[in-house]
Each structure stands twice: as C-alpha cells, then as structure tokens.
Amino acid sequence: MKIKETPLKDCYIIEPTVFEDDRGYFYEKFNEKRFEELTGMNGHFVQDNISKSSYGVLRGVHLQKGEHAQAKLVSCLEGRVFDVAVDLREDSPTFGKWFGVELTPENKLQLYVPRGFGHGFSVLSETAIFSYKCDNFYNKESEGSVIWNDPDLNIDWKLPLEVIQLSEKDKTLPKFSERNF
C-alpha cells in the first residue's frame, strides 16, 4: 500500500496495491504493521461500522473526544462519497483546516482520520455504503461536533444545497467558534 500525505497534519490517504487480471482483482485493504511503519501512527482498530445512505445525505461533522477519542480509517464500498476530515486539535499547525477526497469502490482509496479530527461525508451517488474502522469504542457522552455549514470552515460538500439531507441532530450542531470539541 501507498501512504499519501494530505495538507492536514497526521491525516493520510491510503492507496492499496491492486493485483488485477481477467478474473477480477485482489488487494490488501489494510496492514497494521505496514501502516505504522509508514506513518508512525497507531493502526490498531477495535470497532467496524457500516452505514448505507441515499443521494444528498450529509453526515457530520462528528468526533469523539477525551479518553474516548477515535481515529478512523474510512472507505466507500458502494457508490460515491465526498469524505471530509477537519483538524480540531488546537495545538496543531493545521487547526481549523479541512481536507476532502472522493472515495469510491473503483479508486479503492481510504482516508485515515486521526484522533482529534472531526469527520463527515456527503453521498454523491444514488446510494452509498460507507465503512469505517475505529481505534476506540464509541461513547455517547464523548460526542463532539461542528455544524456542517459553519462559515469559519466553509466546507464544500460537493452537493447542491437543495438536495442535502441531514439528521435532526446534525441540523442543530454547534458552530466551530463554540468549540464543542
């Protein structure tokens, strides 16, 4: 696998080496040892989550904070998503910056979102199945968030505003300036 740096400190795109022939393809989706060698980051995951969403769904920007903070390794198994990581670590040189990448089964890319980052994605296809591995267990009391359309972040979700579908919870998240992270 290849590790590509993003403009955000400690956030990486993982591109697998794909072996393909007329029968199909094979690739190693993740290798903990290789990931740690290439990044110096912990790659031990304890929880896997899958979500299915329809076109226009926007989930985020969410994170787990404190002792329940989570790093995530995300990918799209079906459809197309625009995946976004936001650096919410106040001591980071990229604090308050975001990065986005389109994830599809065809490009087989994954995004490593480190602890202390907010995360979200928008669905660009009719439906999408999204996968994320987490290095810590979910804890409801440790949720942090930033509203998806925060003017300080100015995230381009790659969707027309009129098609965006949000959960009730995501409609009322705090602004970046309110520091709920």
Side-chain angles (χ1 to χ4, degrees), residues 1-18 27 29-32 34-45 49 51 57-65 69-77 79-125 128 130-136 143-161 164 170 173-181:
M1 72 180 161
K2 296 177 197 164
I3 303 290
K4 295 181 179 179
E5 291 187 17
T6 71
L8 304 180
K9 183 172 175 26
D10 303 325
C11 183
Y12 300 97
I13 294 173
I14 298 176
E15 183 178 353
T17 301
V18 181
Y27 68 95
K29 191 168 189 234
F30 183 75
N31 181 307
E32 180 178 8
R34 182 89 172 118
F35 178 79
E36 289 179 5
E37 286 171 359
L38 292 171
T39 67
M41 308 289 286
N42 177 356
H44 183 71
F45 297 100
N49 303 309
S51 69
V57 167
L58 191 154
R59 299 182 187 266
V61 174
H62 306 141
L63 76 150
Q64 292 274 277
K65 54 190 178 178
Q70 293 177 324
K72 297 175 182 174
L73 181 63
V74 299
S75 62
C76 184
L77 304 176
R80 293 173 39 235
V81 302
F82 185 68
D83 197 69
V84 172
V86 182
D87 192 346
L88 300 176
R89 304 170 301 173
E90 293 193 33
D91 61 343
S92 171
T94 56
F95 172 67
K97 305 292 184 203
W98 66 272
F99 171 78
V101 62
E102 189 171 312
L103 303 177
T104 70
E106 292 75 28
N107 69 21
K108 299 171 187 55
L109 297 178
Q110 299 177 82
L111 185 66
Y112 177 77
V113 182
R115 289 181 178 201
F117 272 60
H119 175 257
F121 66 92
S122 59
V123 179
L124 307 178
S125 54
F130 190 75
S131 170
Y132 49 109
K133 302 172 90 48
C134 302
D135 76 342
N136 204 353
E143 289 180 349
S145 55
V146 176
I147 190 85
W148 67 278
N149 60 351
D150 186 276
D152 290 335
L153 298 177
N154 197 28
I155 298 170
D156 177 0
W157 293 98
K158 309 296 183 195
L159 288 171
L161 288 177
I164 292 176
D170 284 355
L173 297 178
K175 290 182 179 180
F176 177 78
S177 62
E178 295 171 11
R179 302 285 200 276
N180 181 30
F181 45 84

Any non-hydrogen side-chain atom of [X] less than 4.5 Å from a side-chain atom of [Y]?
X	Y	answer
I14	L73	yes
W157	V84	yes
V86	L153	yes
M1	R34	yes

Starting from the C-alpha separation in whole Å, work towards a yes-or-no answer on side chain to side chain contact (heavy atoms under 4.5 Å, CB included) for N180 and V146. CA-CA 7 Å; N180 181 30; V146 176; over 6 Å; no
Nearest heavy-atom pair of [X] and [Y]: which atoms, and what distance?
X	Y	value
S145	L63	N-CD2, 3.6 Å
A85	C11	CB-SG, 3.9 Å
G60	L173	O-CD1, 3.9 Å
F121	V123	CE1-CG2, 4.0 Å
K9	P114	O-CG, 4.4 Å
L38	I3	CD1-CG1, 3.3 Å

Name the one of N107, L103, T6, D83 that satisfies side chain to side chain contact (heavy atoms under 4.5 Å, CB included) with I13?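 Single pass found, and it is T6.
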Would you check, one step at a time, whether the test ring pair (Phe, Tyr, Trp, His ring centres under 6.0 Å) holds for F176 with F95? CA-CA 11 Å; F176 177 78; F95 172 67; 5.4 Å; yes
For F181, does the six-membered ring have the charged nitrogen or CZ of K65 within the cation-pi criterion, i.e. under 6.0 angstrom from the centroid and within 45° of the normal?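 Not flagged: K65 not positioned over aromatic ring of F181.
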Just say parallel, tilted or perpendicular for the rings of Y132 and H119, cut-offs at 30° and 60°.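 Because their plane-to-plane angle lies in the 30° to 60° range, the rings of Y132 and H119 count as tilted.
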Look at the rings of F30 and F35 and say which category their plane angle falls in: under 30° parallel, 30 to 60° tilted, over 60° perpendicular.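 Ring orientation, 0 to 90° scale: tilted.
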What's the separation between atom [atom1] in [X] and atom [atom2] in [Y], rounded to the nearest 0.5 Å?
X	Y	atom1	atom2	value
D156	F82	CG	CZ	6.0 Å
Y12	M41	OH	CE	6.0 Å
L58	S122	CG	OG	5.5 Å
D170	W148	CG	CH2	10.5 Å
N49	C134	CG	SG	5.0 Å
Q64	N136	CD	CG	8.0 Å

Using the test side-chain contact (heavy atoms from CB on, under 4.5 Å), find all partners of A71 that sit at least two apart in sequence or belong to another chain.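 Y112, R115, D135.
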Under 3.5 Å donor-acceptor, E15 side chain and L109 backbone: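 Not confirmed, E15 side chain does not pair with L109 backbone.
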Regarding K29 and S75, do their side chains bring together a donor and an acceptor under 3.5 Å, going by distance alone?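 Side-chain D/A pair, K29 to S75: present.
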Of all pairs that satisfy salt bridge (Lys or Arg N to Asp or Glu O under 4.0 Å), the ones with a partner from residues 90-105, not counting sequence neighbours: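 Applying salt bridge (Lys or Arg N to Asp or Glu O under 4.0 Å) to every pair that reaches into residues 90-105, excluding sequence neighbours, yields R80-E102, E90-R179.
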Side chain to side chain contact (heavy atoms under 4.5 Å, CB included) for K108 and V18? Distances and angles first, verdict last. CA-CA 9 Å; K108 299 171 187 55; V18 181; 3.6 Å; yes
Might you confirm whether atom CD of E5 has over 12 heavy atoms from other residues, nucleotides or ligands at distances under 6.0 Å?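 No, CD of E5 has 12 or fewer neighbouring heavy atoms, counting only those of other groups under 6.0 Å.
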